Structure formats: structure tokens, C-alpha cells
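One structure is given here, and the rest of the page talks about it.
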Amino acid sequence: MQLGAVKSRPILWHMPVGLQVLWYALAGISVLVFAYGLAAPVMRYRSASRAGLPAARELPGRIWRATRTLYSHAAIGRRDRYAGWAHRGIFYGWVALAIGTVIVGLSHDIAQPLFGGGFYDGDFYLACKAVLNALGTALIAGLLAMMVRRAILRPAKLDYARPDRPPEQYERQAHAYRVGDWVFVGTLLTIALTGYVLEGVRIAMEHPGYDGFQFGGWLAAQLFEGAGQSTLAAWRHGLWWFHGLLAIVFVSSIPFTKAAHMLSSYASTILRDPLAGRRLRPIEPELALEPAGYGTLADFSLTHLLQLDACTKCGRCHEACPARATGRPLSPRDVILELREQHGCEGPVIGEDGVHADTIWSCMQCNACVQACPVGIEQAPIINQLRRRLVEEGEIDATLQATLQTIHKSGNSFGQRRRSRGKWAEELDFEVKDARKQPVDVLWFVGDYASFDPRSQRVTRALARVLHEAGVDFGILYDGERNAGNDVRRAGEEGLFEMLAEANVELLGGCDFQRIVTSDPHSLNTLRNEYPEYGGSWSVLHHTELLLELMQEGRLAAGEPLGYRVTYHDPCYLGRHNDGYEAPRRLLAMIGCELVEMPRNRENSFCCGAGGGQIWIAEQGGHERPSENRIREALELDGVELFVVSCPKDVTMYEDAIKTTGSGERLRLRELTELIDEALVREAIAV
Amino acid sequence: MKILVPVKVVASLDEDFALSDDATVPADAVEWQLNEWDTFSLEAALQLNEGEDGEVVAVTVGDEQAEQQLRSCLAKGADRAIRVWDDSLRGADALAIASVLAAVARAEQPELILCGVQSSDAVESATGVALAGLLDLAHVAVVTGIERAGERLTVQRELEGGVVELLGVSLPCLLTVQTGINEPRYASLRAIKQASAKPLDVSGLEQLGLDAASVGAHAGSRTLRLKEPAKGAGATMLDGGPPEIATRIAAIVRESMSA
Amino acid sequence: MSGVLVVAEARRGELRAVSLELIGAARALSEQGAGPVSVVLIGADAEALAPQVALAGVQDVLVVPAPQPQFEAHVTQAALEALVQRRSPSVVLAGHTIDSLGFAPALAARAGLGFASNVTGASWGEQGVLAQRGAYGEKLIAELDFPGKDTVVLLLRPGAFAPAEGVGGETGVERVELDLAGSARTEHLELRDPPTGDVDITKADFLVAIGRGVDDEGQIAELEQLADAMGATLCASRPLVDAGWISAARQVGQSGKTVTPKVYLALGISGAVQHLAGMAKAQTIIAVNSDHEAPIFGVAQYGAVADMFEVAAELERQFR
């Protein structure tokens, strides 16, 4: 039989009818097993809370965006280009071969019986061959690259070492993960290689003559050069069954192995919350009388349960986490995996055998993990839900507890009287308007640190002077303002947050203003992203945005370039949470500062260690403070004299870290406003 | 075990308050909070009853202001709360309060009463032991450790200079609890709201078989007047910013050490 | 009858210093017309201590033998109940001390006596005894009187009154036998001394003391460095010991050590009564606190309203 002329290949070559029936039966069983494996988690999800689930009408758009992200590999390639390219090869190879199989099935099992002739022939067949060979090669290359990475390159994020417990407590689990990883790539590689060899055998038997279109198979065929037809036929049958059975076993096992991420991660990406971490979710009204947060898996929302299953253990969050980097007992990856391992347990997920309480309290809610995750897992918000439960149960650090009580009592974290909130303004030589009593253009929400911390008060006064000189019509809320609640909420005290949010929204609602400005990124985030759910939607600016606007409009003018060589730290809640990367950098350029970026900048910025209520928690373990780690990073830069920040908590944390690292001689801290203040031309004002 | 925990809502005065013309404290200069010592006695009660049948009843003598603090006791795990008030009780001293609490205790018949050593505003350190006296209960003051074995408690009494006395006492009895004996739990705002479902009985004096005169007769003292401490009699204040202050302190230290 | 009855305090066979302050205060009241001063010693070894309280101005010393050597609150309470009934003194003075807090309020409540604790001033006049004490967390002073009370129990704050001196010639010692056999209601098990720890702060000439102003355990190391740099010993008020951030051996105050250094630099200590009890007799007290109303400024010779950490940082710079 000369097939070269018809340019196709036989399907189920020389297979007795009995075996054909067996093959279809096995394929059917495999589909059933797959469906069963899929049903179990789906049933679990169905009984979970639907909080955070997007509306059905959003689905088409979400599927489109998730699919685009998947095919572009933008998320997977971020922060790890090697893994990104390897995954591209595997992904496209796998998708192409799956499509190829479907084409064969359509042609042989549908078109042929129904219309009396398949379509898997001719030039179309050759084109398929060429594409599948190319992408099959990409698949093999990708798999080999991943194996090289695991076996030889061994990046730390893949060793499954956990910072929260000693190795003997997790080594078995880690071993199981490693075996699972290897079985996964090993199986895929075997399927791909046996496919080539099978093709090689066929080519060796039939010499179809279009080797260029199936170079992979042609290469394999060289192995069988000179073998007799009967040997080859035996090989062909044996390989066919091996390849085929492995493939259907693989398909049926997808829901039970690491391969499940093909489904769960994709689904998670579709349901991804674009505001994850920026806006935490309020407690559903129907759960108002239940204990807050997550205590057992039954409390988890559908999306969060799905996210536990979606984790691929890629380790990007493990790598990005500032708590992990400074030796605290937290890795967001391990939190997610630990929770996943709790499946089937009805007991509490927090405890010795689950997620440790000190792990939960180590988190700074900086959102680096959420930002780094390629599949939309909300590590920080999940940790926040666990905190809510701990807070409710009263398991909370003594200092944090005292601070929360103080905030409840006095509306600020400093335990100062409400009446002294506006005291910083007394030293100014002009009156700051009371926005509660008269209309203002810009309402300045000052925040606790900027109001009460003596070092930050200097910045606050500088900002007031600058705004005054630019002729901005602004006012503050004086003793009406309360802590915005960002850190209260992130510490897990949802009830107190609600109280603060409601009070501030009510007060702001009664004021007459156009926009809100704040120098505190934490307040900014909550006012901008969280107050809308409490009835307060306003245009909220960071002071760097307002200052940039004033400079661009010419209401502020910089004089001689300052000429400092500086580095700039992106605050988590301005940068990652609110994409405020540009305004500070452009301001620095406008006043003639030479910006030298730290290796970790913008969305990859490092945390100062204050967020999520950490600034109120007594010193955590770890080998260094995050702020010290960051200062050391800045000290590595050549000739940088100023460490510039734009957040009052950063002022506190880094002033401290500069002292404790003993680097006061080499590095000084400036809040950006202070530099603007220094750079301004002030003809009219006598200095 | 049924444990009665008398708590007090204490006044903390504004930093820069001034007495009003009639030498009283203006209402807006006061913030109310649960007495710190009582957070420890409540925690001790909750821990003693952990995993056991029993009841922790928080009781306070105070006006409506006290209700929120009482709710926080319920939120932390007290089973019931009682608030007793009569306008004649405003400004009552420890002995008068003890006579009201004694009436509550007679009605409740607790096996153990846990008080705080003192309140942070009045610092009388007397209510608990006076209450024990009125009830003729065995009592131990300034307790820093409690262990229970059946009807017998082994308690630590903290003496001056850090010396600790271990002693045994049998139920029923009254202990006044010192800070640091445990780590009081946190009452979240949601838990406080949810605690509104727990019983909080409000009672006047007559329900307890008391009247203003009988309570007044128990008072140990009468406040003639309040006055502000003489100003300037104390420290010479050092002015300036931290560097100037530090320079002055350094000089004073060197001079005093060489004297 | 009238007069002032002083309840002297002893522990481990030794008279406690507060007893002399009580006698001093009693003598002042007596001079103002309150009547003669009697001192009562209750305990198994009371007799041996009698000469130490037989000071000038003391009319008689009453020795009440008790069944057990250790102080027992209910025994003392029963003894005093009997004595008050027998002698009806105008004023009973005891210390605002841990022992007295265990019996005095019960004594007063049961017998319907006048009562004030934590007293920092007392005087005698036509209307009887008047007392002064702190109110609103020491931010105010309350003046008290005791209308309708024939006997008034006052607990005097240790350190607030000058101790009596001078041996008396005329003092009689009287042994008073009371039936106290069944009155003990607690069983003494043992006395435990505090861990001696690494330091003896009572021997230091220069103490840097820290208090509630410290809100983070991590800050302790910084302050230790400061104390090192200044050549001082670090000590603390109770909250930091309660928090477990600093060892009990370094605690100053009523439940800690009483110290009398040449210089006591108090950083972030507001000066609660219990703390003042342990350090008020330091020669020079310098206080830094962010609250200008902090009671510590009442006992300090020098004060500064400032952030303790800013001052600490400056100080460390100056002493390095």
C-alpha cells in the first residue's frame, strides 16, 4: 500500500474490531473518571458562599480576558522568564496536540461515518503534521527545560522548604509534591516522545516521503532503519497501545494531579478579582451573626476554595513575600497549600496542624503575593479572613489589642485626644480651614501618622505650606477625622473598620468639597477603594498626584535643580495597590533630583514592614526587619545620599531603620514633600 | 462554678482639662473605659471555667455609660451581666459600692468572686476586700496566680519587693486579682455587637432591697472638694527640642553623679 | 475613748519601714488634738519588735500574740475588730500596703467605720480627721471628711509621710490576749523570693527607668544600649514586666524593688502610685514624658515633655 500519494495516515491501523471496541470503551471510561474527578471539587464549590463571585453577565468578557492572558503568557512569564518560555512550549505543544487529536477524532469518528469520507488528508494533513511536529518539539523542549530547572538549576522557591515549621514536619508532604511534579512532567514527556517514535515506526514502514512535514517522526524513523516489516509492525502495535493508554490515563487523571491546574488555574483566572487586596470584602449581611472570617474550610467562599485548588506551587509569592524574605514564619504559598491539604477535615484550619497563628500575624498585607500570582490567588485577603477569625476569638497580640482599643476609644492609634488631631496646624502662620464648617476645593484627610507623629508633622506642615503657597483652597476635618481604618481592617478587626468607615463617610458626606487629598497611602487606598461600599465615592488623590498637577499647571515652580542623587521607595499602598508609580518619579525629575532605582522597584517594591497593622504589633521574629532589609538595598546603590519616601509610615519605619542599621552618615531620609518645599522658588515670600 | 466578677468603668481625664467653676470635672473631659485590673479578673474567671460547666456573671455599679463596657465583658465570654444604678450612687466610694455588690452577691450566691485589685481612677484598692468583709467571705488580696483543685484554691499573693506568698484558701471566697496574671482576650467590635443577644439585667436599688440611705450609711468617707495639684511645685521643666533636652539631662546627670 | 491606733507592719520578723511613717503621721495628728498614739503589733513574734516602735510620742505599744508566725489577713482583721471595739480610737492608721489591703477594707466595711485608702495627707481639726488623696488617676486631689464616723481607718501611702524618730522614755508595752484561734481562713504555704536575676537595681547609683512609653519589645534593646552608653542600669515599671519584655528583677515599684539611686531618669513613665512608691526617694529624678500632666512630674526635680525615643536617641549620641 502506497500512502504517499494520498497524503494521509490510517487511523486504528490493522486493529481487530474487538480491540477497537476495547479502545473506545477505555476512552469512554477515561472520560467518566475525568468527569467524576471534576465533580468532586465542583460539589464542594457549590455548597460554598458565593461572596466575591462575579455576575454571570461578566463571564464572557472575563473568559475572553483570561484566555488572552493565558495565550499571551503575560502573567506566567512575569518575574520568571525562564519558566515563562518553558511553560509556553509545554502549553502550546499540549494545546496543539490536543487539537490535533480532536481533528483526527472529528475526521475519523464523525465525518467518516456520517459523510462517508474524512478530511484529515491532502494538504490539510500535511499542514497539521508540520504544525504538530513543530509544537510537539516545543512541548518536549519546554518539558526538558522544566526538568533541567528542577534537577540542575534548583531555584530556592521550588525546594518546598517552609519557614513556618521544622523540616521533619513537612518533609513527607514536600516529597509528595516533588514526586507529583516529576510524574507530571515525566508523563507528558513520555506521551510526547512515544508519539514521535510511533510516527517514526510508521514512517520507517511506509516511507510516505514528506519527511520535511514530520521531521520529528522522520528523526525517530532513523532508529528503525533496516528493521523488518514484522518487527516494525509489532513495535507499531505495542507503541500505539502504550502511547494511547498513557494518554487516556493521563486525561482521566487530570482532576487528581498537578495537571488539574489546567482547569482550576484557568477558572481562577477567569474569576480573578481585579481589586483583590485593594478592597477587602465586607462580611455578608446574612453572616452578620456568624463568627467573622475563616475558621474552617466550610467558611471559605467559592472563589477562595477554587483558588486553593488553583495553586501550581510556582513559588512566585514565596519569593515576593517580605515576611518570608526577612525570616518570619510565613510563606503565602505554604499558607495556600496548607489550607488545600486540609480538604476533607472539618476542624479548624488554624492551629498546630494547620496554619499557625504566628504565620497569620506575620503578614504585612503588602499584596506582593497577590500581585505576583499568575493565576489570581488572593493570598493576602485569605490571610485577612483567617485574622478576622483570630480577632473574633480574641487571639491577638497584646500591643495590637491595646491599639485597637485605643482606636475604638479615641479614633486614632496614638491614644491622643480627638481634640489634638489638628494641633500640628497651630504652628503655621496661616489658618487651616475647617472643612466641616466651610466649603473647600480640596479636603485634606490627614491620617493618624501625619497628624500625630512628631517627625511626620514636619512633613505635614511642609505640605500645608506648599498647598497654601500654590493657592489651593483646602481644609481639614480637625477632631472630626478618625483613623481611616485601612490597617484596622487588614489587622482583621472588621467590626471596628465598619465603625470607622461609617463615621468618616458620614462626616465627609456632610462636607462641601471637590476632591480629597491625603499624604497617607493607607488612607488613600481605603478612601478610594473601600469607602464606596459604605456609601462614599469621591475623587481621592495622593498628595504626590496633587503636587504634580500644581507643578504642571505652574502654580508651583521649582527653582535651581536640587542635584541630589536619590532613590525612591514605592509604598505598597500607593504603588501596588493604586498604581501610583509615576507622580513621585516625575516630581523628582522636575526638582532636579537624579533618581537611582533600587533593584526592587515599582510593583516589585519591598515592604517597609508597617502594613496590615504590623506597626502596632510587637516585634516579630525573623533575622532582620523588612525596613532594614530595604535600607541595606538602598545602601548598595552608588552615591545615593537621600532615601525618598511618600508615606508617613515609611517616614517612621525608615528613619528608624537608618538608625538601627547605623547608616545615618551615608543615607538620610526625605519625604518627597520636603524636597518640593526645598526646591520651590519663593520670590514673594521672605525667608 | 459560678463566678461573680464585679467590674468598674473608670474615668480617664483629658490631658489638658480644667476643673469647672464649681470644682467638678466637666463631662466632656472624661473618657470611660473598663478598668484595666478588671480585664484580668474577668479573664481569670473565664479561664477557670474553661471547659467546665459554670457561669461567669459580670456585674457593675454604673450608669448607662457602663453598658458598652459590660457588653465587652459579655463579648469576651461572660454569660450574663448585671448593671445596678441609682443616681444617688454617683461619686460613691468603695465601701458604698461594696454594699451594693454585697446585695447582688447574696442574690447570686457565687462560689467565687473575682475583683480587680484596684481601679485606675480612684485607686482605693478596697471594694473587693470590703465586699468580702460584708459577705463574711474568706479573701486574698493582690493575687498573681490561681490554681484550682476541687474546692481548694492555691493562690499567689504578691508582696512588696517581688516576694510571693503561696497560700491555700477554700471556696467560697473572694480574690482581688493583680495585672499580669494572664493575657486578657480581645473583644472584637463584632463580638460586642453580637453580645447584645446575651442577657444584661438592669436593676435599681429597691430590687436589691436597698435604698439610697442604707447605701449612703456604708460610705467610708465624703468628698469635701476636688482640687488641682499645686502646679510648678514639682519639676523644673526643660524646654526645647530633643537635642536641647538631652544636653540639659546630660549635664544634670553628670553633676548629680559627681555630687 | 479617743486616740490614734497605729497598725505596725512586720514581715519575716522585721519591722517594715512604713510603720515608722505611720507613727510619724500619728504623732502629727496627736499634736493636733487627736489623742494619744498607740501602736499595735500583731503576730507570733510581735513582742520582740515592740522596742522598735516604742518611739517618742507613742503612749503605749499593744502586743497581740497571734497563733501563726506569718501575717494572715483574717487574723489581723479579727484582732483589730476586737481592739477597735474595746478602745474605739478616733483614727486607725495602717499602710497602703499589700498586707493592709487584705484586711483594712473588710474591717471598715463590717464595723461601719470611716475609711480612706492611699492617703497622702491627714490632719485633725474640730470636725475630726480630714484626709487627702489622689482622684482621677492622681490628676486631681480630693479632700475627704468622715461625718458620723467615730472611728476612721486611714491607709497611708508609703513614702508620703515623714518617719518618726527618737526613742521614747514613757512608752508602756501591754500584752493583749485575744481569742484568735479560729479566725485564720487561709493557709500559708510558703514565701518565694523573686529571682535575683542578673542585676541588683537597688545597688545602682544611676538608673534609667522605662515604662509604658515603650510599646514594642524591640525597643528595649535600644534602651539597653542607651543605659550602657550612659553608664546606668536599666529598670522598668510594672507594665513592661507584665508584658514579659523585661525581667522582674528590674521592676521598680510597690510590687517590685524600692530604689534610692543618686539619679533616676524616668523615660515614658507616667508615674502611677505603685511606681512612685518604689522610687520617690531617689536623690535626683529626671522625667521625660509626652504627657505634660503625667504625675511623675510631681515627684521629679527635672521634667521634659517630649518623645522619649527622640530624647533617648539624642542622649545616646551625646554619651557615645
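All of these numbers come straight from a predicted model, not from anything done at the bench. Lettering follows sequence order; numbering is per chain, from 1.
- Using a 4.5 Å cut-off on side-chain heavy atoms (C-beta onward), B/R157 and C/D99 make contact.
- Minimum interatomic distance between B/A141 and C/G102 (heavy atoms only, all atoms of both residues): CB-CA, 3.8 Å.
- The candidate from C/E310, C/H74, C/H188, C/R133 with the greatest count of non-hydrogen atom pairs under 4.5 Å with chain B is C/H74.
- Between B/M257 and C/V263 the shortest side-chain heavy-atom distance falls below 4.5 Å.
- Atom CG of B/L166 and atom OG1 of C/T186 lie 11.5 Å apart (nearest 0.5 Å).
- Atom CZ of C/R16 is surrounded by more than 12 heavy atoms from other residues, nucleotides or ligands within 6.0 Å.
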Enumerate donor-acceptor pairs with a distance under 3.5 Å from any side-chain N or O in residues 107-117 of chain C to protein atoms, sequence neighbours excluded.
from   : atom 1 : to     : atom 2 : distance (Å)
C/R110 : NE     : C/E81  : OE2    : 2.9
C/R110 : NH1    : B/G133 : O      : 2.9
C/R110 : NH1    : B/D136 : OD1    : 3.4
C/S117 : OG     : B/E124 : O      : 2.6

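- Within 6.0 Å of CD in B/E147 there are 12 or fewer heavy atoms belonging to other residues, nucleotides or ligands.
- The number of heavy-atom neighbours closer than 6.0 Å to CD of C/E14, taken from other residues, nucleotides and ligands shown, is 12 or below.
- In this structure, chain C has heavy atoms under 4.5 Å from both the backbone and the side chain of B/A138.
- Side-chain contact between C/L101 and B/V129: absent, with no pair of heavy atoms (C-beta onward) separated by less than 4.5 Å.
- C/T258 does not touch chain B: none of its heavy atoms, backbone or side chain, sits under 4.5 Å away.
- The part of B/A219 that comes within reach of chain C is its backbone (N, CA, C, O), which places non-hydrogen atoms under 4.5 angstrom from that chain.
- B/L238 CG to C/I286 CD1: the interatomic distance, rounded to the nearest 0.5 Å, is 8.0 Å.
- The parts of B/L134 that come within reach of chain C are both its backbone and its side chain, each placing non-hydrogen atoms under 4.5 angstrom from that chain.
- C/L140 CG to B/K227 NZ: the interatomic distance, rounded to the nearest 0.5 Å, is 11.0 Å.
- The residues C/R238 and B/E36 are annotated as not salt-bridged, no charged nitrogen and carboxylate oxygen being separated by less than 4.0 angstrom.
- No other option in C/M230, C/H96, C/E187, C/R317 has as many heavy-atom pairs under 4.5 Å with chain B as C/E187.
- Residue C/T202: no heavy atom, backbone or side chain, is found under 4.5 Å from chain B.
- No side-chain heavy atom of C/Y302 sits less than 4.5 Å from a side-chain heavy atom of B/I249.
- Residue with the most contacts toward chain C among B/D239, B/V169, B/I181, B/V163: B/V163 (heavy-atom pairs, distance under 4.5 Å).
- Considering all non-hydrogen atoms of both residues, B/P243 and C/Q318 come closest at O-NE2, 3.5 Å.
- Closest approach of B/H139 and C/A73 over heavy atoms only: NE2-CB, 4.4 Å.
- Counting only heavy atoms from C-beta outward, the side chains of B/L159 and C/L191 approach each other to under 4.5 Å.
- With rounding to the nearest 0.5 angstrom, the CG atom of B/L224 is 10.5 Å from the CD atom of C/Q132.
- Neither the backbone nor the side chain of B/A132 comes within contact range of chain C; no heavy atoms are under 4.5 Å apart.
- For B/Q33, the CD atom counts as densely surrounded, since its 6.0 Å shell holds more than 12 non-hydrogen atoms of other residues, nucleotides or ligands.
- Annotation for C/E314 and B/A246: closest pair CB-CB, 3.4 Å, computed over non-hydrogen atoms.
- Rounding to the nearest 0.5 Å gives a distance of 7.5 Å between CD of B/Q118 and CG of C/N118.
- In terms of heavy-atom proximity, C/F71 sits nearest to B/E165 at O-OE2, 4.3 Å.
- Using a 4.5 Å cut-off between heavy atoms, C/A135 contacts chain B through both its backbone and its side chain.
- Here the OG-CG distance, from B/S125 to C/L155, works out to 8.5 Å after rounding to the nearest 0.5 Å.
- What you find for B/M237 and C/V305 is that their closest heavy atoms are CE-CG2, 3.7 Å.
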